[in-house]
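Written below as structure tokens is the structure these notes are about.
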There are 2 protein chains.
Amino acid sequence: MKHLRILTYVAEVARHGAIRRAAERLNITPSALTRQIQDIEYELGTPIFERVAQGMRLNAAGELLVRHIRDQRADLERVRSQIADLSGVRRGHVALACSQAFVNHVVPDEVEAYRALFPQVTFTVQVRDHVQAVAALTQFEADLALVLQPPPSADMQVLFSCRQTLCALMRAGHPLAAETGPVRLRDCLVHPMAVPDRSLAIRHHLDDALARRGAPLNAVIESSSLEFLRNLVLREDAVSLQVPSGIPDDPRLCSRPIDARDLPPMSLILAQLRGRTLPVATAKFADRFAGSLHQRYGADVS
Amino acid sequence: MKHLRILTYVAEVARHGAIRRAAERLNITPSALTRQIQDIEYELGTPIFERVAQGMRLNAAGELLVRHIRDQRADLERVRSQIADLSGVRRGHVALACSQAFVNHVVPDEVEAYRALFPQVTFTVQVRDHVQAVAALTQFEADLALVLQPPPSADMQVLFSCRQTLCALMRAGHPLAAETGPVRLRDCLVHPMAVPDRSLAIRHHLDDALARRGAPLNAVIESSSLEFLRNLVLREDAVSLQVPSGIPDDPRLCSRPIDARDLPPMSLILAQLRGRTLPVATAKFADRFAGSLHQRYGADVS
DNA sequence: TGGGCCGTTGCGATTTCGGAAACAGGGGGC
DNA sequence: GCCCCCTGTTTCCGAAATCGCAACGGCCCA
């Protein structure tokens with residue numbers, strides 16, 4: 001919407017901390033930008049940026065203003081969505097932040113199903129770790145977050161949660177693939193392990209469990225990319241750890257759940273920012289997503 | 001705020017139910033309004049008004065939008081209020097030193113008006129003569145000084161100045177009260193004079209003028225209290241001298257300006273200590289005060 | 001069937017906005 | 001201490017959005 005132009009300028013300067021970079025991003029010149037900022041500061045009767053040698057930094061008044069701008073934009077988006085809803089076609093946009101573990105099946109399946117119903121609804125899917133995903137919610141960069149074991153936060157309102165049992169993942173020819181059913185963690189640890197690095201919740205979960213029993217981790221490979229780890233176990237007899245939803249349907253891969261005595265299940269959470277009224281399209285998608293997850297994994301028993 | 005202009009247009013049309021009436025209220029032409037409305041409807045992709053013979057009526061989408069506009073305006077107002085709070089405009093203290101001449105109308109009016117806007121701002125008003133008032137500034141006992149004819153001082157930074165013509169003050173039944181308009185000083189001097197004593201700038205001003213023409217002063221009463229002098233002229237046919245701003249609105253009193261040939265006008269000065277950065281609340285008050293004085297007495301022509 | 005009200009449109013004038021380049025000021029490296 | 005680079009800011013000018021004016025077409029009511 002046109003009237004948000006100036007506010008967008010402020011938000012962009014705040015985001016980049018510099019007029020010149022923001023101007024480049026906005027496809028205008030720094031001079032135009034500096035004037036708009038000055039106009040706003042004049043209107044408010046107080047500066048909203050602190051001028052430092054490195055650029056512009058928000059002051060307290062500016063913090064309040066950019067929060068307002070974010071709220072205002074989100075609210076307008078909600079209104080537009082409601083209006084579009086009235087006119088029959090459901091259109092809108094869904095911004096989702098999710099963990100890597102869900103880029104294989106869960107999210108693409110759901111997005112596809114929803115877009116089959118409402119082709120006018122568009123999506124952005126950002127892959128973030130569990131900490132960044134929550135941050136994306138609070139900064140209005142995402143409407144919804146689907147993450148494993150997020151840090152507890154009062155800002156987060158859980159729309160759905162369930163338990164996911166970690167699985168040992170290996171290639172089809174691997175010795176552990178000879179049997180099916182749960183596998184003990186110690187049977188995995190004798191093999192070279194290809195595990196997520198500490199940016200991922202799975203690794204934290206694993207470390208916690210190992211620390212409690214003093215078992216050493218023989219981490220041959222660690223990576224921030226689950227996809228890389230999967231590709232690795234296809235090439236050598238290493239064992240990786242992934243949640244079921246992150247395991248693609250590939251006959252060359254084999255997975256067995258880790259015995260619950262060794263590793264408690266992880267929590268899978270679909271959440272939004274607490275207190276936010278989502279746009280119609282987004283709310284509807286969240287609703288269907290929660291239902292779909294329930295159907296797939298069942299409700300949380302905790 | 002500027003960016004709300006277009007939204008205000010929508011709200012106003014919604015309120016009046018007609019573009020022409022709304023346009024009149026907004027001080028623009030109907031053509032400008034109708035185009036802005038069309039722009040918004042184009043952006044939203046749907047009409048927000050239903051065109052009827054009597055004018056414009058909101059449809060469902062419009063209802064949603066005007067609710068958003070109301071919310072948005074209220075939220076912005078809240079943010080502005082918070083910003084004002086932390087910038088200190090709202091709460092604070094103003095220490096003012098002023099001459100006796102301003103305790104009747106000028107200062108109380110201004111303090112009342114400002115406190116109506118910012119009830120959290122407190123005041124101390126010290127009545128000082130023109131010399132003491134400047135001293136109060138330099139000693140940080142006062143933030144602002146409003147005085148007549150202060151001694152020139154490099155420490156003083158003038159925020160506003162104008163001219164005040166001295167007036168002869170007498171009771172309603174006095175012979176001089178029979179006429180109106182300027183009065184010559186010699187016509188006053190034939191009556192018993194009730195004049196300020198030498199602690200007040202008015203007296204210095206009067207003495208200077210009399211000394212230049214060698215006229216004697218028949219000072220029956222002199223006092224450091226303008227209020228006392230006023231009470232005196234109510235009781236006998238004496239004549240006092242005061243500046244217009246010191247004369248209360250009392251039907252029993254009558255005043256006539258002294259002819260400019262006899263007494264040049266005195267200068268009224270609002271000043272602060274040079275180089276001092278006043279607290280926000282104080283600076284804001286000084287600003288409004290200067291504007292208000294300008295409106296009352298006009299700018300200084302010297 | 002006019003008159004009055006309504007919103008809307010074309011066009012010229014005004015205001016606002018943005019772009020290019022020069023300016024001013026503060027680090028950081030030499 | 002000097003120089004270079006990066007920062008925001010200012011100035012001048014052209015471009016674009018906005019507005020005002022006048023005219024038009026539609027609707028209601030007397």
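Only a predicted model underlies this, so the values are computations on that prediction, with no experimental measurement involved. Order of the sequence lines fixes the chain letters, A, B, ..., with proteins taken first and strands second; residue numbering starts at 1 for each chain.
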Protein-nucleotide distance ([X], atom [atom1]; [N], atom [atom2]), rounded to Å:
| X | N | atom1 | atom2 | answer |
| --- | --- | --- | --- | --- |
| E41(B) | dT8(C) | CD | P | 8 Å |
| I37(B) | dC6(C) | CD1 | C1' | 15 Å |
| M56(B) | dG7(C) | CE | P | 6 Å |
| E24(B) | dG7(C) | CD | P | 12 Å |

key: Flag for T29(A)-S31(A): side-chain donor and acceptor within less than 3.5 Å   = yes
query: Between the side chains of S245(B) and H105(B), is a donor N or O closer than 3.5 angstrom to an acceptor N or O?
result: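 Per modelled atom types, S245(B) and H105(B) side chains form no pair under 3.5 Å.
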* To do: Return the set of residues passing side-chain contact (heavy atoms from CB on, under 4.5 Å) with I6(B) (not counting sequence neighbours), or none when no residue passes.
  =>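 Per chain and number, I6(B) pairs via side-chain contact (heavy atoms from CB on, under 4.5 Å) with Q36(B), I40(B).
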_side-chain contact (heavy atoms from CB on, under 4.5 Å) partners of E77(A), counting only residues at least two apart_ =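 Only R80(A), P279(A) meet the side-chain contact (heavy atoms from CB on, under 4.5 Å) criterion with E77(A).
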Which label fits F123(A) and Y114(A): parallel for a plane angle under 30°, tilted from 30 to 60°, or perpendicular past 60°? perpendicular
With a 4.0 Å cut-off (strictly under) to non-hydrogen atoms of chain A, the first and last hit nts on DNA chain D, 5' to 3', are dT7(D) to dT18(D)
Donor-acceptor pairs are to be reported for all side-chain atoms of residues 18-26 of chain A against protein atoms at under 3.5 Å, with residues two or more places apart or in another chain.
unit_1: R21(A); atom_1: NH2; unit_2: H16(A); atom_2: O; d: 3.4

Practice task
Compute the angle between the rotation axes at the two ends of the helix from dT1(C)-dA30(D) to dC30(C)-dG1(D), each taken over five pairs, rounded to 10 degrees.
Solution key: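 The angle, to the nearest 10 degrees, is 20°.
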Exercise. Could you give me the CA-CA distance, side-chain angles and deciding distance for K284(A) and D85(A), then say whether salt bridge (Lys or Arg N to Asp or Glu O under 4.0 Å) is met?
Key: CA-CA 11 Å; K284(A) 178 86 175 171; D85(A) 222 36; over 6 Å; no
The contact string for nucleotides 15-30 of chain C, one letter per nucleotide 5' to 3', using protein heavy atoms under 4.0 Å with B, S and - for base, sugar-phosphate only and none, comes out as --SBBB-----SS---
Checklist line | Test salt bridge (Lys or Arg N to Asp or Glu O under 4.0 Å) applied to R51(B) and E41(B), step by step | finding: CA-CA 13 Å; R51(B) 271 74 169 171; E41(B) 292 182 328; 2.9 Å; yes
Is any side-chain N of the basic residue among R115(B) and E110(B) closer than 4.0 Å to the acidic one's carboxylate O?
->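 Salt bridge between R115(B) and E110(B), a charged N being under 4.0 Å from a carboxylate O: no.
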